[in-house]
Amino acid sequence: MTIMVFDSGLGGLSILREVRAVLPSSDIVYLADDAAFPYGGWDQEKLIVRILDVISTAIGKVKPDLVILACNTASTLALDELRSRFDIPFVGTVPAIKPAAEQTSSCLISVLATQGTVKRQYTRNLIAEFADKVHVRLVGSESLAKIAEAHLTGGQVDLDLVHRQILPCFVELDGARTDIIVLACTHYPFLINQFRKVAPWPVDWLDPAEPIARQAKRLLTKENPDETSLASANQIDIAQFTSGSPDKASIRLVSGFGLQVN
Ligand code: DGL
């Protein structure tokens, strides 16, 4: 079985590592639309055309059995359209607002995402449907995805800048404080140590990677009840970059995740 994992850049690797843990013998093709990174500030109409184009082309070539959109910015925009166009299962990555609303004790949660994701109707609908009894603060950062990429490829992290980016997530209201922050961009789990360092008080940082990987396994085993059929054909996991020319640091990084650059 081949699973395609898609992101604008390297953030989807936070999902890939969980997919490996639950589906160790499936083939993985990791597709990074690095030529268009970052997605966060893109115009919505242009971005949906771009995403549909890149993913449709890749599906034609790779012929995956399942696609994971390991990108909130893409999923909140294109997931429904992709599901209607293709006959294969798609697992999206959308802000984990429902579990956060169920788990909060203070009834104050925040969603840390790209500027694109916080603007989406999809995100607003999740809040209306699952979090109408809690206070939700949406925080769109224009720089954290880029900071995460730089960090992943060996760059220094400016902690003051990280502090400024996450500060609006911390709300105090009538003696209560934010207790859960949803990591609604797949790049952000790679900055979790920095977030903890500069956070004004301890919170739970909700990373949806594991439930997403388990959902992928559920869907694959539903269609292929014999688990041995999930095993890979090639034994090689591949990374593809739409730029066609990832830098050396990115190539080293994805190699560390067991991916061969195509
Ligand atoms: N990793 C992406 C997400 O989950 C987007 C980062 C970007 O391209 O701005 O939203």
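Start at 1 and go down the list; that is how both ligands and their atoms are numbered.
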Verify the distance criterion only: is there a donor paired with an acceptor across the side chains of Q121 and R124 at less than 3.5 Å? no
Nearest heavy-atom contact between A113 and C185 is CA-CB, 4.5 Å
Next item on the list: Compute the shortest N/O to N/O distance between T117 and ligand 1 and return yes if it is under 3.5 Å, no if not.
Entry: no
query = W42 vs Y39 aromatic rings, parallel, tilted or perpendicular, using cut-offs 30° and 60°?
reply = perpendicular
**Asked** Looking only at distance, does G40 have an N or O less than 3.5 Å from an N or O of ligand 1?
**Response** yes
Does G9 come within less than 4.0 Å of ligand 1, judged by its heavy atoms?
no
min-distance protein heavy atom vs atom 7 (C) of ligand 1 -> Y39 N, 3.3 Å
Do any heavy atoms of C185 fall under 4.0 Å from ligand 1?
yes
Interatomic distance, CD@Q215 vs CG@L220, rounded to 0.5 Å, equals 10.0 Å
| said: Donor-acceptor check, side chain of S75 to backbone of V94, threshold 3.5 angstrom: yes or no? | reply: no
Backbone N/O of P211 and side chain of E18: donor-acceptor pair under 3.5 Å
no
Taken to the nearest 0.5 Å, the spacing of L31 CG from T242 OG1 works out to 7.0 Å
Honestly, for S8 the part within reach of ligand 1 (heavy atoms, under 4.0 Å) is side chain
Taken to the nearest 0.5 Å, the spacing of I51 CD1 from D33 CG works out to 8.0 Å
Within 4.0 Å of some non-hydrogen atom of D7, the atoms of ligand 1 are 1 (N), 2 (C)
The answer for which part of A145 has a heavy atom under 4.0 Å from ligand 1 is side chain
Atom 5 (C) of ligand 1 has as its nearest protein heavy atom T73 OG1, 3.4 Å
Is H187 in polar range of ligand 1, meaning some N or O pair under 3.5 Å apart?
-> yes
So the atoms of ligand 1 within less than 4.0 Å of a heavy atom of F37 turn out to be 7 (C), 8 (O)
